[in-house]
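Heads up, the thing below is written out as structure tokens.
By convention in this document, chain letters (A, B, ...) are assigned in the order of the sequence lines, proteins followed by strands, and residues within each chain are numbered from 1.
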2 protein chains.
Amino acid sequence: MIVPSAKENNTVQPFTRGPSMRDVATAAGVSAQTISRVLNDHPNVQESTRRRVLAVVEELGYRRNNTARALVTGRSKTIGVLTLATNNFSKSALTLGVELGAREAGYTVNAVTSDLSVQGLTSAVGRLVLQGVDGIVIAAPLQGAADQVSKLTQRIPIINTDGSTSLGERVVGVDQDIAAVLATQHLLDLGHQTVWHVAGPQEWSDALARRNSWHRTLHDAGREAPPELEGDWSPESGYRNGLILGRKPEVTAIFVASDEMAFGVLRALTELGRRVPEDVSVVGIDDIDLAAYSNPPLTTVRQSFEDTGRRAVASIVAQIANPALVSTPDLVAPTLIVRGSTAPPPAAD
Amino acid sequence: MIVPSAKENNTVQPFTRGPSMRDVATAAGVSAQTISRVLNDHPNVQESTRRRVLAVVEELGYRRNNTARALVTGRSKTIGVLTLATNNFSKSALTLGVELGAREAGYTVNAVTSDLSVQGLTSAVGRLVLQGVDGIVIAAPLQGAADQVSKLTQRIPIINTDGSTSLGERVVGVDQDIAAVLATQHLLDLGHQTVWHVAGPQEWSDALARRNSWHRTLHDAGREAPPELEGDWSPESGYRNGLILGRKPEVTAIFVASDEMAFGVLRALTELGRRVPEDVSVVGIDDIDLAAYSNPPLTTVRQSFEDTGRRAVASIVAQIANPALVSTPDLVAPTLIVRGSTAPPPAAD
DNA sequence: CGTAACATTGTTATCGATAACAGAATGTCC
DNA sequence: GGACATTCTGTTATCGATAACAATGTTACG
């Protein structure tokens with residue numbers, strides 16, 4: 001698809017640079033420092049000079065070189081965000097929130113992805129550090145990589161949205177204990193004897209927290225907790241586990257650790273001829289955009305990843321401004337959204 | 001949530017810098033230039049010096065400062081990607097592809113989002129340019145912003161994944177004509193008299209191409225094209241339009257311009273008591289992860305946004321390496337995925 | 001053996017901005 | 001009116017790397 005252009009560029013000219021601050025200074029008849037002052041809104045610049053400088057800036061189409069600026073200030077005005085290299089709703093919602101929050105705070109976002117390996121995570125963080133980001137939002141379970149990552153980021157504020165405190169770093173997110181209680185209790189309140197659980201990958205502390213909270217809620221209600229199944233967040237894994245659960249006649253209520261897996265569960269139950277919610281009730285977590293449009297519409301626990309991303313950035317920015325700040329975990333409570341996938345259990349025969 | 005730390009940091013020390021190339025040079029007893037040579041794999045460095053340098057690098061935990069490097073080389077090793085500030089499948093799949101492609105090519109990704117306004121798009125591109133990205137992938141309709149954007153990016157390779165050639169820039173993506181033909185013809189082949197269309201926002205040239213191709217396909221088959229409806233890519237807009245179409249008894253086949261809208265259509269039809277696919281057939285576009293798990297599973301036209309993202313980066317990287325390159329549009333053909341949402345029309349009464 | 005070609009390393013200038021300091025002009029107060 | 005603060009602007013050094021050039025030492029070969 002790519003062919004050499006007709007007029008071959010003989011002069012090796014890797015790139016052209018635009019006008020520099022010096023060019024503007026010369027054109028405006030002032031020193032470069034004055035240009036810098038104007039552009040940085042420093043006080044003590046005469047109004048007439050300011051106007052003249054801005055006019056020349058406009059005329060030359062001058063744009064400040066942030067690389068040079070970053071070099072001398074030590075600040076890149078960039079925030080890094082690390083996610084897994086998968087495409088799911090929560091990941092992209094969080095990234096969006098980070099981007100929006102960053103923009104409002106005058107930062108841009110450097111996004112990297114990784115797999116779950118220590119090697120992958122470490123190198124992903126390494127890439128961010130190398131790019132000189134001013135702070136990092138991590139939306140992935142670090143696990144064994146925590147040590148190496150913290151070594152890399154000694155001088156950089158870092159925050160985790162996976163609920164993990166393994167790094168001792170700051171945590172921003174949604175209270176997963178509450179989320180699981182809301183889901184489980186909702187099903188119990190409807191009259192179900194017990195609630196089955198399709199958990200997320202247990203290396204995610206969010207998933208672990210949901211599982212534990214589900215278990216505790218059942219226990220507190222005096223119910224036996226059935227063995228839990230585990231998925232990998234994918235709809236396909238939900239489908240697989242749905243087939244297993246759907247074949248057990250005693251299953252009447254399922255709490256699925258993510259909406260995307262819940263879609264798979266719904267599909268499996270339908271294929272097995274078990275009606276939702278008449279025969280089996282299903283609750284998800286997340287409230288993805290599509291949750292209201294499944295058949296039946298999915299009852300779920302809403303957590304705003306976008307908001308989490310924004311709060312993560314806010315926290316990072318605060319710490320950049322004042323490294324002496326320490327913060328306590330910042331968790332917000334999710335809310336239950338009741339739709340059509342839950343109902344009382346079928347009348348006992 | 002944020003409180004001042006106990007031990008107040010008195011010395012105003014905004015940040016600490018790690019060891020520099022000079023530090024490594026001193027420790028290794030060579031010049032800084034030699035360090036640079038070793039780190040850049042230049043030839044003509046004696047094996048013993050190379051080893052000594054690498055040892056010192058390791059020992060000091062030295063990491064090269066990419067900002068300084070970028071300043072002098074004029075290359076930031078960063079690629080910018082511009083998307084809309086929404087969270088849909090295609091956007092995040094594309095971003096993921098860009099990230100993966102960039103990583104393989106030794107680049108990182110600077111992601112910005114925008115709304116559809118000229119002002120928003122211009123400033124988003126401006127932010128990327130300011131950050132010194134080496135190339136830009138645009139996944140949004142530029143429309144009126146094209147002029148200003150091209151002014152900003154004169155010196156930077158740019159590529160568009162929305163099928164739009166308004167900028168004269170290079171285009172990478174999926175052939176939307178074929179996509180719409182596949183969907184429409186599939187429904188005609190099943191015996192439907194005509195095919196209704198829920199289009200995407202017509203400012204997206206992809207959406208426009210699908211609409212035109214749908215129209216042409218019907219025309220070529222000698223069928224009357226019914227008036228098309230238009231959504232905004234959201235499931236909710238699909239739902240709204242689905243309610244309209246579902247109330248028309250003559251509607252037996254609907255081609256929806258995205259899977260997410262198709263979910264809304266499915267939901268609306270179900271609520272109206274029209275069975276899919278027995279009464280109405282529905283085809284989407286994209287093949288999102290959840291498409292196989294709707295009720296019924298969605299027949300759709302698969303296009304890999306991740307692949308598009310990768311190809312976009314490959315093209316950008318090629319042009320960075322050789323600015324003299326020109327390229328023709330690089331479109332790949334999508335494939336039809338037949339699932340459970342399509343069937344022959346109900347027997348005429 | 002002398003010299004060209006090559007291998008290896010060092011020196012200096014530069015990228016484009018900002019910080020820190022310095023100097024000139026103006027204003028203020030007793 | 002003189003001492004001193006204040007306002008405005010310029011000069012110099014610096015951030016951390018690389019490019020271009022220079023300077024050695026080494027090898028090869030007629």
So which nucleotide from [options] ends up closest to the side chain of [X]?
X	options	value
A/Gln46	C/dG10, D/dC8, D/dT11	D/dC8
B/Ser36	D/dT18, C/dA17, D/dG16	D/dT18
B/Val72	C/dG16, C/dT18, D/dG16	D/dG16
A/Ala68	C/dA17, D/dT18, C/dT18	C/dA17
A/His42	D/dT18, C/dA17, C/dA19	C/dA19
A/Asn44	D/dT7, C/dG16, D/dA17	D/dT7
A/Tyr62	C/dA17, D/dG16, D/dT18	C/dA17
A/Met21	D/dT11, D/dA20, C/dA17	C/dA17
A/Thr49	D/dT9, C/dA17, D/dG10	D/dT9

Which part of the nucleic acid, if any, lies within contact of [X], taking any heavy atom under 4.0 Å across all strands shown: a base, the sugar-phosphate backbone alone, or nothing?
X	result
B/Thr67	nothing
B/Thr34	sugar-phosphate
A/Arg37	base
B/Asn40	sugar-phosphate

B/Arg50 vs C/dT8: side-chain N/O to OP1/OP2 distance below 4.0 Å: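 No, no such contact exists.
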Presence of A/Ser20 side-chain N/O under 4.0 Å of C/dG16 phosphate oxygens OP1/OP2: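 It does not, given that no N or O in the side chain of A/Ser20 lies less than 4.0 Å from OP1 or OP2 of C/dG16.
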For the pair made of [atom1] in [X] and [atom2] in [N], what is the distance, rounded to whole Å?
X	N	atom1	atom2	result
A/Leu39	C/dA17	CG	P	9 Å
B/Gln131	C/dA17	CD	P	14 Å
B/Gln33	D/dT24	CD	P	18 Å
B/Arg155	C/dG16	CZ	P	11 Å
B/Asn66	D/dG16	CG	P	14 Å
B/Asp23	D/dG16	CG	P	8 Å
B/Arg52	C/dT9	CZ	C1'	11 Å
A/Asn65	C/dG16	CG	P	7 Å

A/Arg75 and A/Asn66: side chain donor to acceptor below 3.5 Å: no
Minimal non-hydrogen separation, B/Asp162 against B/Glu203, with atom names: OD2-O, 4.5 Å
Over 12 non-hydrogen atoms of neighbours within 6.0 angstrom of CD in A/Glu58: no
CZ/A/Arg22: more than 12 non-hydrogen atoms of other groups inside 6.0 Å: no
Carboxylate-amine/guanidinium proximity below 4.0 Å for B/Asp307 and B/Arg311: yes
Ionic contact status for A/Arg127 with B/Glu99, cut-off 4.0 Å: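 Looking at B/Glu99 and A/Arg127, the cut-off is met.
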